[in-house]
Each structure stands twice: as structure tokens, then as C-alpha cells.
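Note sheet for the following structure.
Quick caveat, the model's predicted, so the values are computed rather than measured. Reminder, nothing fancy here: chain letters follow the sequence lines and each chain counts from 1.
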There are 2 protein chains.
Amino acid sequence: MLRISKMTDYAVVLASHLAAADGAHAARDLALQTQIPEPTASKVLKKLARAGVVISQRGAKGGYALARRPEQIGINEVIEAIEGPIAVTECSDESTDSFCEYETNCGVRANWQRINLAVHRALSEISLADMAFPGTAELVSIALSGKDAERMRDAGTQSNDVH
Amino acid sequence: MLRISKMTDYAVVLASHLAAADGAHAARDLALQTQIPEPTASKVLKKLARAGVVISQRGAKGGYALARRPEQIGINEVIEAIEGPIAVTECSDESTDSFCEYETNCGVRANWQRINLAVHRALSEISLADMAFPGTAELVSIALSGKDAERMRDAGTQSNDVH
DNA sequence: ACATATGGGACTGAAACGGTCCGGTATATA
DNA sequence: TATATACCGGACCGTTTCAGTCCCATATGT
């Protein structure tokens with residue numbers, strides 16, 4: 001579940017790169033700048049475009065640009081663009097849903113939703129803007145700039161122990 | 001990254017099952033009760049034992065039991081027992097750490113830590129008790145004894161808030 | 001001793017992952 | 001209009017991981 005695939009890593013790198021330098025950029029340029037093999041970068045960008053994270057412009061002088069402002073794009077969108085819906089179990093698929101033999105199992109399975117939700121929430125609290133500007137990233141628990149602060153407040157109030 | 005593997009699903013089911021009925025249980029019995037193929041269940045339980053989530057007793061009358069009380073076991077432990085450390089990128093491995101060519105990439109990679117942290121925290125806030133007793137799942141802070149579990153199991157199968 | 005039950009690892013078929021390549025289509029520019 | 005540019009949609013392939021099974025060694029209660 002929780003091992004990050006290379007493709008996803010690429011996606012975050014590329015999206016963050018776009019966030020840092022706005023405007024349209026060709027896949028080729030992005031690939032060079034991020035040190036990602038060109039065909040692979042292209043593949044990733046296509047998926048991001050399909051998912052609505054970036055918009056594409058075809059033809060000469062075309063390229064990719066973020067679909068929205070970096071602060072308005074959650075990291076979950078980038079991840080889901082590559083990996084599909086987050087943390088689904090077979091049981092939460094429409095097909096075999098509501099078909100468990102033992103109520104204990106079924107109860108457990110229903111609670112996967114809770115896990116999914118928690119993860120989804122945690123990821124959506126992190127925006128591309130947070131990723132694009134490392135300067136403020138180190139200071140997670142200390143001082144944060146305005147927008148970041150608001151976002152972090154809701155995310156991190158429950159408990160701060162990470163053991 | 002975020003697709004849950006079957007093994008992990010099994011692990012959660014088995015651990016939750018143990019949480020609901022405390023005491024030692026043989027792998028064989030657990031497999032039957034959870035409808036998980038026996039060799040596979042056995043494999044999963046071994047991993048859980050290795051990770052310290054459950055304790056094992058060998059020999060006749062042996063079996064598996066939770067290592068701690070259900071409320072004290074985070075779901076992240078169960079997941080990590082099967083899948084290893086959560087959400088690592090190659091960059092965050094000791095080997096190639098601190099060796100990025102482009103500062104933008106490096107900044108992004110550093111921010112993976114933030115993502116990892118967010119996910120980890122979200123998961124650690126869900127305990128096995130929450131999974132085992134769906135009815136009282138909202139009340140995270142309330143501790144339950146093993147005996148209460150059986151009572152709850154009958155009553156508490158309906159409160160599935162899927163947000 | 002003997003039956004029971006876990007520990008560790010080897011092994012296999014199937015699926016996913018990482019990466020590449022190609023033909024098709026849209027578009028800016030000369 | 002002709003042409004170069006650049007994205008779109010897949011096909012393809014080698015490698016790795018996943019899911020599942022099986023076997024033998026070891027520990028333990030009766």
C-alpha cells in the first residue's frame with residue numbers, strides 16, 4: 001500500500017516544477033530540467049492532464065501548465081492521477097461490495113473507509129505550493145506563512161506525537 | 001503507493017479478529033473464522049509476530065494473541081508489519097540521500113517527508129480497537145475491555161459513516 | 001515420545017511496474 | 001498551405017513484486 005512508486009515520485013516532481021515556474025512548458029523541457037527520462041516524463045504528464053491537474057496545449061509552442069493555482073491543488077490529486085483512487089480494498093469496489101460472510105470481517109472492511117478517509121484527508125491538506133517552495137517546508141512545526149498555517153492547523157491538531 | 005494489497009487487508013482482518021476475541025488462537029482457527037486461506041493467514045501472522053503486533057506461542061496449545069491492548073495498537077503498525085516502512089522514496093533511503101542535482105527536485109524530495117508524516121499520523125490515530133468495534137469507532141478515546149468486545153460485536157455493526 | 005503449532009524460507013504463476021516507441025492529431029508559424 | 005512542433009493514445013517488453021503454496025526445522029503441552 002504505502003510504498004511510493006517511482007511514477008508517483010516523478011509526478012510530484014514535475015507538478016512541483018510547474019508550480020514553481022508558471023506558464024506552459026513542453027514535456028521535453030520539463031524532462032530535461034527534472035532529470036527524468038523524456039518518454040517517461042511525457043507519460044506522467046499525460047496522466048496528470050487526464051486527471052485535470054495540468055492542462056495541455058497541443059501543437060507548436062504547446063506544452064503543459066498547472067490547471068489551477070498551486071495552493072489549490074492537493075497532493076492527493078497528483079498521487080491519484082497516477083495511481084488511481086486511493087487505498088481501495090476489493091470490498092469497497094462496487095462489484096463485490098456488501099457481500100461478506102462474517103460480520104466481523106464486514107465490520108473491519110467497512111472501517112477501511114475510515115482509513116482511506118484519514119489518508120485522503122492528510123494528503124489533501126498538502127498543496128503543490130507547499131511542495132514547490134522548500135524554504136518554508138522545513139519549518140513544519142514552527143512558523144509557517146499564512147496560507148500554510150491555516151492548512152496545517154486543521155491537519156495537525158489532534159495529536160503531535162509521531163513516535 | 002496507496003493501493004492496499006491483499007496481504008495488508010488480511011493482516012487488518014486477522015488483527016481485528018484477535019482484538020475482538022482476546023486470548024491465544026491457532027493460525028488454523030483464525031484462518032477458518034476469517035475465511036482466509038490457511039497458509040496465507042499463517043504467513044501474515046508470522047509477519048505480524050515479527051513486527052511485534054502479535055505474540056506467538058509455539059507448540060501444542062500455542063497460537064497468536066495481540067501483543068498489547070487493541071487501543072494501544074495503531075493501524076499503521078499492522079500495515080507496516082506487512083509492507084515495511086511507510087511511503088519511502090528512494091531519496092529518503094540512506095544510500096542515495098543528499099545527492100540531488102537540481103535544487104528544485106531536492107526540495108520536492110525533502111517534502112516527501114512531510115507527506116510521509118501526514119500519512120503516518122493519520123494511520124497511527126486509528127487503533128485496532130476502532131477497527132474491531134465499528135459501533136464505538138467514533139469514540140476513539142474510550143477504552144474497551146476484551147469482554148465488552150463480544151457484546152459490542154452484536155450490537156455495533158451498523159454505524160458505517162462513510163463520510 | 002508424540003501430537004500440535006509456529007518459524008523460516010524456497011518456489012511458482014500471475015499481475016503490476018518502469019520504461020520505450022510509434023502512428024495519429026492538433027496548432028503556430030513561415 | 002506546408003511544415004515543424006508537441007501532445008494523445010496505446011502497444012510492447014523485460015523486470016520486479018504479489019499472492020499463494022509447500023516443506024522442514026523447532027518448540028511445547030500431554
Side-chain angles (χ1 to χ4, degrees), chain A residues 1-14 18 23-67 79 81-85 87-90 93, chain B residues 1-14 18 23-67 79 81-85 88-90:
Chain A
M1 161 191 186
L2 289 167
R3 182 148 274 104
I4 284 167
S5 73
K6 253 183 191 172
M7 288 304 203
T8 305
D9 186 25
Y10 293 159
V12 173
V13 170
L14 287 167
L18 279 174
H25 297 264
R28 191 171 203 292
D29 297 339
L30 292 170
L32 288 175
Q33 291 161 4
T34 56
Q35 296 282 89
I36 298 171
E38 197 196 320
T40 301
S42 180
K43 188 179 196 174
V44 170
L45 286 165
K46 284 178 204 170
K47 286 193 176 181
L48 289 176
R50 226 177 223 213
V53 176
V54 303
I55 52 177
S56 61
Q57 175 72 22
R58 285 164 85 157
K61 285 244 176 182
Y64 293 96
L66 284 190
I79 292 173
I82 307 300
E83 318 225 0
V88 285
T89 53
E90 279 146 29
D93 257 345
Chain B
M1 160 192 186
L2 287 167
R3 181 146 275 108
I4 285 167
S5 74
K6 251 182 192 171
M7 288 304 203
T8 305
D9 186 25
Y10 293 159
V12 173
V13 170
L14 287 166
L18 279 173
H25 297 263
R28 192 176 199 305
D29 297 340
L30 291 170
L32 289 174
Q33 291 161 2
T34 56
Q35 295 282 92
I36 298 171
E38 196 197 321
T40 301
S42 180
K43 189 181 196 173
V44 169
L45 286 164
K46 284 177 201 172
K47 286 193 176 184
L48 287 176
R50 224 180 227 204
V53 175
V54 304
I55 53 178
S56 62
Q57 175 72 19
R58 285 164 84 155
K61 288 249 177 183
Y64 293 96
L66 283 191
I79 293 174
I82 306 300
E83 317 225 2
V88 283
T89 53
E90 281 146 27

Between [atom2] of [N] and [atom1] of [X], the distance in whole Å:
| X | N | atom1 | atom2 | answer |
| --- | --- | --- | --- | --- |
| B/Ile4 | D/dT17 | CD1 | P | 20 Å |
| B/Gln35 | D/dA19 | CD | P | 19 Å |
| B/Ile55 | C/dG7 | CD1 | P | 11 Å |
| B/Asp9 | D/dG20 | CG | C1' | 15 Å |
| B/Leu30 | C/dT6 | CG | P | 8 Å |
| A/Glu83 | C/dA15 | CD | C1' | 16 Å |
| B/Ile36 | D/dT21 | CD1 | C1' | 16 Å |
| B/Ile79 | D/dC18 | CD1 | C1' | 17 Å |

[X] side chain near [N] phosphate (N/O to OP1/OP2, under 4.0 Å):
| X | N | result |
| --- | --- | --- |
| A/Ser56 | D/dC8 | yes |
| A/Lys6 | C/dC17 | no |
| A/Tyr10 | C/dC17 | no |
| A/Arg50 | D/dC7 | no |

Original post:
Is the closest side-chain heavy-atom distance between B/Tyr10 and B/Thr40 below 4.5 Å?
Top reply: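 Of all side-chain heavy-atom pairs linking B/Thr40 with B/Tyr10, at least one is under 4.5 Å.
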List the residues meeting side-chain contact (heavy atoms from CB on, under 4.5 Å) with [X], not counting sequence neighbours, and say none if there are none.
| X | value |
| --- | --- |
| B/Ala41 | B/Leu14, B/Ala31, B/Ile36 |
| A/Lys43 | A/Met7 |
| B/Ala26 | B/Asp29 |
| B/Arg28 | B/Leu32, B/Glu38 |

Subject >> Under 4.0 Å protein heavy-atom contacts per nucleotide of nucleotides 20-30 of chain C, with B for base, S for backbone only and - for none >> reply: B---BBBBSS-
Original post:
Any idea which heavy atoms bring A/Ala65 and A/Gly23 closest together, and the distance?
Top reply: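 That closest heavy-atom pairing would be CB-O, 3.5 Å.
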Original post:
At under 4.0 Å between heavy atoms, what does B/Arg28 touch on the DNA or RNA strands: base, sugar-phosphate, or nothing?
Top reply: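 Since no nucleic acid heavy atom lies under 4.0 Å of B/Arg28, the category is nothing.
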Subject >> Distance in Å, A/Ile82 CD1 paired with A/Arg50 CZ, rounded so as to fall on 0.5 Å steps >> reply: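 Answer for the CD1-CZ pair, A/Ile82 versus A/Arg50, is 12.0 Å.
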